[in-house]
Amino acid sequence: MLALLSVLALAAAACGDGDGDGDGEAEPDAPQDLSGETVEVAAVWTGTEQESFQQVLSAFSEQTGAETQFTSTGDDVAAVLGTRIEGGDPPDVAFLPQPGLMADLAEQDALIPIEDVAGDEVDANYSQDWRDLGSIDGTLYGVWFKAANKSTVWYNTNVFEQAGVSAPEDWDGMMSAAQTVSDFGVTPWSIGGADGWTLTDWFENVYIRTAGPEMYDQLTNHEIPWTDQSVKDALTRLAEIFENQDMLAGNPLQTDFPTSVANVFANPDSPDAAMVYEGDFVAGVISGETGSTVGEDADFFNFPSIDGSPLAVVGGGDVAVLLTDSEAGRALMEFLASPEAGEVWAGLGGFTSPNQNVDLSVYPDDITRRSAEALATAETFRFDMSDLQPAEFGGTVGQGLFSLFQDFLADPSAIDQVTEQMEQEASQAFG
């Protein structure tokens, strides 16, 4: 009996060991202490976007004690990372703006699978579509941290009001609004053609509305040629804007993306142009680099319907991938998949998170929330076409689609010639 009582006493003591709260619930995991560790992060962001992302890294450092080092790759991320990888000195974590580049790097065994790193966080916070977009052949490699609604046209509200123009709902209405603004004395359009990616975005929005989502998928996968009539029809429609130099501010081929936004919003009362097409991230440039206020001097309308086409959203984004198996890199990947990380940037503006558990109330204004809601609820959503294609064709500065659409902007009448060149280069890239 004494022996049995002793055993029971020991068991009771073992069960009671701990914090003594007696509720039987497991304590949450304490943040990982990574003091003394440094994680290098590479991404395309500069200017306001880089400053905002630095706030995300600061939150990670606060939580873990790890130091962070940010490296901007500029737009030529494929070349920069390729050189670093080949030299045996890749950054710990990189953000890729093209899923095609993620597939290329995975094929080269340059990426570390992250199922055991962030898989649970991805499952808890993302839809299956975003998990699929972060996976190659069923293996999870990426966390989609930043998304973009690329179907927004931004306009100077003061010009529209003074010219008596309302936000249009269809292509014909947009063309009519542009003419009215021009007659009022303000150049309608600012186009950042020095950055070829803005031109591919223009085309993709026109193409999905003129050809439809199924043909969009076929062209994305090169199941139909770039000489297809559907491509020529979309370019013909786009030429309605590109061919009239009097309706374009400055020289579009010498205007980069930030300048294209500044043309419309740097001086809200006396702008160089009335409208600029690009994604919801325009709001961040407006707030950070111009004299305009989003919601007062700046607003957007959805990229308009063409010939009765239904509402569609073309989206983009940046996916985080792990290139070194460092402890700090793994911890950062897990953090990036959490709602907390997305909410840091969402509260600063110029950002949309694909993380469905990011609190919508943190977005700084109704316009940003409206754009985020359009992205989340669109009946027809397609990822940016050029970002889904091989990087040498769809996502490299100075070649492929970036260069060819600049050729088209320079001569919008050369549709047959440019589509033949597009098809030639697509055939080489897709093998």
Distance-only donor-acceptor check, side chains [X] and [Y], under 3.5 Å:
{"X": "Glu327", "Y": "Gln32", "answer": "yes"}
{"X": "Gln417", "Y": "Gln421", "answer": "no"}
{"X": "Gln128", "Y": "Asp132", "answer": "yes"}

Item to check | Given Asp299, Asp280, Asp365, the one that forms salt bridge (Lys or Arg N to Asp or Glu O under 4.0 Å) with Arg370 | outcome: Asp299
Checklist entry - Who passes side-chain contact (heavy atoms from CB on, under 4.5 Å) against Arg330, sequence neighbours left out? => result Asp116, Val117, Leu322, Asp325
Checklist outcome for this item: On a heavy-atom basis, the closest approach of Trp154 and Gly279 is NE1-O, 3.3 Å
Next on the checklist: If you compare all heavy atoms of Ala249 against all heavy atoms of Asp272, which two are closest, and at what distance to 0.1 Å?
Outcome noted: CB-O, 3.9 Å
Checklist entry - ring-ring contact (aromatic ring centres under 6.0 Å, His included) between Tyr155 and Phe265: does it pass, once the steps are laid out? => result CA-CA 8 Å; Tyr155 64 93; Phe265 300 109; 8.4 Å; no
Item to check | Residues forming a salt bridge (charged side-chain N to carboxylate O under 4.0 Å, His left out) with Asp183, sequence neighbours excluded | outcome: none
In this structure, is the centre-to-centre distance between the rings of [Y] and [X] below 6.0 Å?
{"X": "Phe95", "Y": "Phe70", "answer": "no"}
{"X": "Trp226", "Y": "Phe203", "answer": "yes"}
{"X": "Trp202", "Y": "Tyr277", "answer": "yes"}

Checklist entry - How far apart are the C-alpha atoms of Gln108 and Asp104, what are their side-chain angles, what is the distance that settles it, and do they pass the side chain to side chain donor-acceptor pair (under 3.5 Å) test? => result CA-CA 6 Å; Gln108 300 167 21; Asp104 291 346; 5.8 Å; no
Within a strict 4.5 Å, meaning less than it, do heavy atoms of the [X] and [Y] side chains meet?
{"X": "Pro390", "Y": "Phe430", "value": "yes"}
{"X": "Val181", "Y": "Val159", "value": "yes"}
{"X": "Glu37", "Y": "Glu67", "value": "no"}

Checklist outcome for this item: In Leu199, Thr200, Thr396, the residue satisfying side-chain contact (heavy atoms from CB on, under 4.5 Å) with Leu401 is Thr200
Checklist entry - Given Gln98 and Gln389, is the side chain to side chain donor-acceptor pair (under 3.5 Å) satisfied, shown in steps? => result CA-CA 8 Å; Gln98 298 105 12; Gln389 295 171 324; over 6 Å; no
Item to check | Under 3.5 Å: donor-acceptor pair, side chain of Asn158, backbone of Pro268 | outcome: yes
Item to check | Phe281, Trp45, Tyr363 screened by ring pair (Phe, Tyr, Trp, His ring centres under 6.0 Å) with Trp345, the one that passes | outcome: Trp45
